[in-house]
Amino acid sequence: MSRSERRNDQPLPCHVAVIMDGNGRWAEARQLPRIAGHRSGAKRAEELIRFAGGELNLPYLTLFALSAENWRRPKSEVDFLIQLLDQFIAAKLEEFVASNVKFLVIGDISVFPASLQRTIEYAIASTAGNSGLVLSVALNYGGRQEIIRACCKVNAEITAGTIDPERLDMTTFRSYLYAPHIPDPELIIRTGGEQRVSNFLLWQLAYTELYFTETMWPDFTAKEFLQAISDFQTRQRRFGVTEEKT
Ligand code: IPE
Ligand code: IPE
Ligand code: MG
């Protein structure tokens, strides 16, 4: 389904965010180590990025790949994830450049090994001029941490006299978030059967439509991605107001 041949008249979302959950359980169900699930999950992410940026022509895709809380998992799993992320970004960079994908990261990458930080920074710089899909990957990301970080930055501006606290509004506040120029997601998909947001995009999700599926992330196909979008197209978004005009 391209944007021009959509299934019904309802608008397609501009920004879809995905909580890619269920890798570990997918692997355990197959008597495989959890890391095998992460490996299959990375393959799935690769396909979905290609589909979103290509056929679907989606402007913004945000993927939750590693939460700030995931950092507390056993060292062996965290080390594997760090290595997988490094390989993934390095291996995909050529394709991102060729397919006009703009790569971004949200989250605190300062805790990562220097090699992963370099890979991330190189990928961001190499795709900065691209104008196709904006792909944000959330790494060591926490929504509460993002809000506190923004508060600290706002506080510093207030102390410096560059922000008048009486005039602080939502537009100014959001400019201190990780990626202020990315619009809020219209749709968030969580795979893996849990119905929670797990500290993802807390500010940005205020009016986002939620879609939960039992499908484990390594089994989440482009077809199901389209199903989620079709479901989104049936939602009536009201933003707190009524249809009736005064
Ligand atoms: C999601 O899968 C990937 C990360 C959080 C890194 P999980 O690893 O959480 O898989 P489950 O939820 O244990 O099945
Ligand atoms: C959310 O999944 C984070 C990612 C998918 C990266 P978790 O597996 O960490 O979430 P909880 O622990 O089930 O809430
Ligand atoms: Mg999980």
Side-chain angles (χ1 to χ4, degrees), residues 15-49 52 60-92 103-113 116-117 119-120 135-149 177-179 182 185 187-205 208-221 224-225 228:
H15 180 186
V16 179
V18 186
I19 302 178
M20 307 183 292
D21 194 24
N23 293 349
R25 280 164 289 158
W26 180 91
E28 280 154 19
R30 288 162 181 75
Q31 274 86 49
L32 294 169
R34 290 178 59 85
I35 59 168
H38 295 314
R39 224 182 258 121
S40 297
K43 284 258 161 259
R44 199 50 91 182
E46 205 175 309
E47 280 171 36
L48 261 291
I49 294 166
Y60 299 93
L61 177 69
T62 298
L63 300 178
F64 201 7
L66 189 73
S67 76
E69 292 74 24
N70 292 152
W71 207 239
R72 295 199 300 264
R73 289 188 180 187
K75 189 174 181 304
S76 57
E77 185 170 344
V78 172
D79 286 349
F80 179 83
L81 286 168
I82 294 287
Q83 197 199 338
L84 183 67
L85 282 166
D86 205 335
Q87 280 170 4
F88 182 89
I89 299 165
K92 297 311 296 170
F103 175 82
L104 292 177
V105 166
I106 55 171
D108 176 13
I109 65 164
S110 68
V111 298
F112 290 156
L116 177 55
Q117 291 189 44
T119 304
I120 291 169
L135 169 68
S136 315
V137 183
L139 297 178
N140 189 27
Y141 174 87
R144 287 180 171 176
Q145 291 85 335
E146 179 179 37
I147 292 169
I148 290 175
R149 176 180 174 273
L177 298 175
Y178 282 118
I182 296 186
L187 171 66
I188 182 167
I189 298 169
R190 182 175 186 141
T191 62
E194 311 297 354
Q195 303 199 358
R196 54 178 173 254
V197 294
S198 299
N199 202 17
F200 193 38
L201 301 178
L202 297 183
W203 173 275
Q204 299 84 341
L205 291 185
T208 303
E209 298 296 324
L210 314 176
Y211 181 91
F212 298 107
T213 170
E214 293 292 323
T215 306
M216 298 294 149
W217 175 250
D219 288 331
F220 188 77
T221 57
E224 197 174 346
F225 192 54

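The chain is numbered in sequence order, starting from 1. When a ligand or atom number is given, it counts from 1 through the structure's own listing order.
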**Q** Among Thr191, Asp21, Ile35, which residue places a heavy atom closest to atom 7 (P) of ligand 1?
**A** Asp21

**Q** List ligand 2 atoms under 4.0 Å from Ile19, heavy atoms only on the residue side.
**A** 1 (C), 5 (C)

**Q** Is the side chain of Gln117 donor-acceptor paired with the backbone N or O of Ser110 at a distance under 3.5 Å, no angle test?
**A** yes

**Q** Considering only the protein, which heavy-atom contact is closest to atom 10 (O) of ligand 2, and what is its distance?
**A** Arg190 NH2, 3.2 Å

**Q** Looking only at distance, does Gly24 have an N or O less than 3.5 Å from an N or O of ligand 1?
**A** yes

**Q** Tell me, which protein residue and heavy-atom name are nearest atom 5 (C) of ligand 1, and how many Å apart are they?
**A** Asn70 OD1, 3.3 Å

**Q** Can you tell whether the side chains of Asp219 and Arg30 come within less than 4.0 Å, N to carboxylate O?
**A** yes

**Q** Using a strict threshold of under 4.0 Å (side-chain N to carboxylate O), is an ion pair present between Arg44 and Glu47?
**A** yes

**Q** Using heavy atoms and a 4.0 Å limit, tell me yes or no: is Glu194 in contact with ligand 1?
**A** no

**Q** Using the test salt bridge (charged side-chain N to carboxylate O under 4.0 Å, His left out), find all partners of Asp86 that sit at least two apart in sequence or belong to another chain.
**A** none

**Q** Taking only heavy atoms of Arg25 into account, list the atoms of ligand 1 that are under 4.0 Å away from them.
**A** 11 (P), 12 (O), 14 (O)

**Q** Starting from atom 1 (C) of ligand 1, which protein heavy atom do you reach first, and at what distance in Å?
**A** Met20 O, 3.1 Å

**Q** Nearest to atom 6 (C) of ligand 1, what protein heavy atom do you find, and at what distance?
**A** Ala65 O, 3.4 Å

**Q** Please identify which atoms of ligand 2 are closer than 4.0 Å to at least one heavy atom of Leu66.
**A** 6 (C)

**Q** Can a donor-acceptor pair be found between the side chains of Asp108 and Gln145 at a distance below 3.5 Å?
**A** no

**Q** Which atoms of ligand 2 are found less than 4.0 Å from any heavy atom of Ser198?
**A** 10 (O), 11 (P), 14 (O)

**Q** Has Glu28 got any heavy atom lying under 4.0 angstrom from an atom of ligand 1?
**A** no

**Q** Using heavy atoms and a 4.0 Å limit, tell me yes or no: is Gly22 in contact with ligand 1?
**A** yes

**Q** Which residue pairs satisfy the salt bridge (charged side-chain N to carboxylate O under 4.0 Å, His left out) criterion with at least one member in residues 192-205, sequence neighbours excluded?
**A** Arg25-Glu194, Glu194-Arg196

**Q** Classify the side-chain pair Ser198/Arg190 by whether it contains a donor and acceptor separated by less than 3.5 Å.
**A** yes

**Q** Kindly assign one of parallel, tilted or perpendicular to the pair Tyr141 and Phe64, based on the angle between their ring planes and the thresholds 30° and 60°.
**A** perpendicular

**Q** For the aromatic rings, using the six-membered ring if either is Trp, is the centroid distance between Tyr178 and Trp203 under 6.0 Å?
**A** no

**Q** Is there a side-chain contact between Ser136 and Leu63, using heavy atoms and a 4.5 Å cut-off?
**A** no

**Q** Please work out whether any backbone atom (N, CA, C, O) or any side-chain heavy atom from C-beta onward of Arg73 is under 4.0 Å from ligand 1, and answer side chain, backbone, both or neither.
**A** side chain

**Q** Below 4.0 Å, non-hydrogen atoms only: which portion of Arg196 touches ligand 2? Side chain, backbone, both or neither.
**A** side chain

**Q** Judged by modelled atom types alone, do Asn70 and Glu77 share a side-chain donor-acceptor pair under 3.5 Å?
**A** no

**Q** Is it true that Gln204 and His15 share a donor-acceptor pair across their side chains at a distance under 3.5 Å?
**A** no

**Q** So, using ring pair (Phe, Tyr, Trp, His ring centres under 6.0 Å) as the criterion, who are the partners of Phe80 when residues are at least two apart?
**A** none

**Q** Closer than 2.8 Å to the Mg ion (ligand 3), how many protein N/O/S atoms do you count?
**A** 1

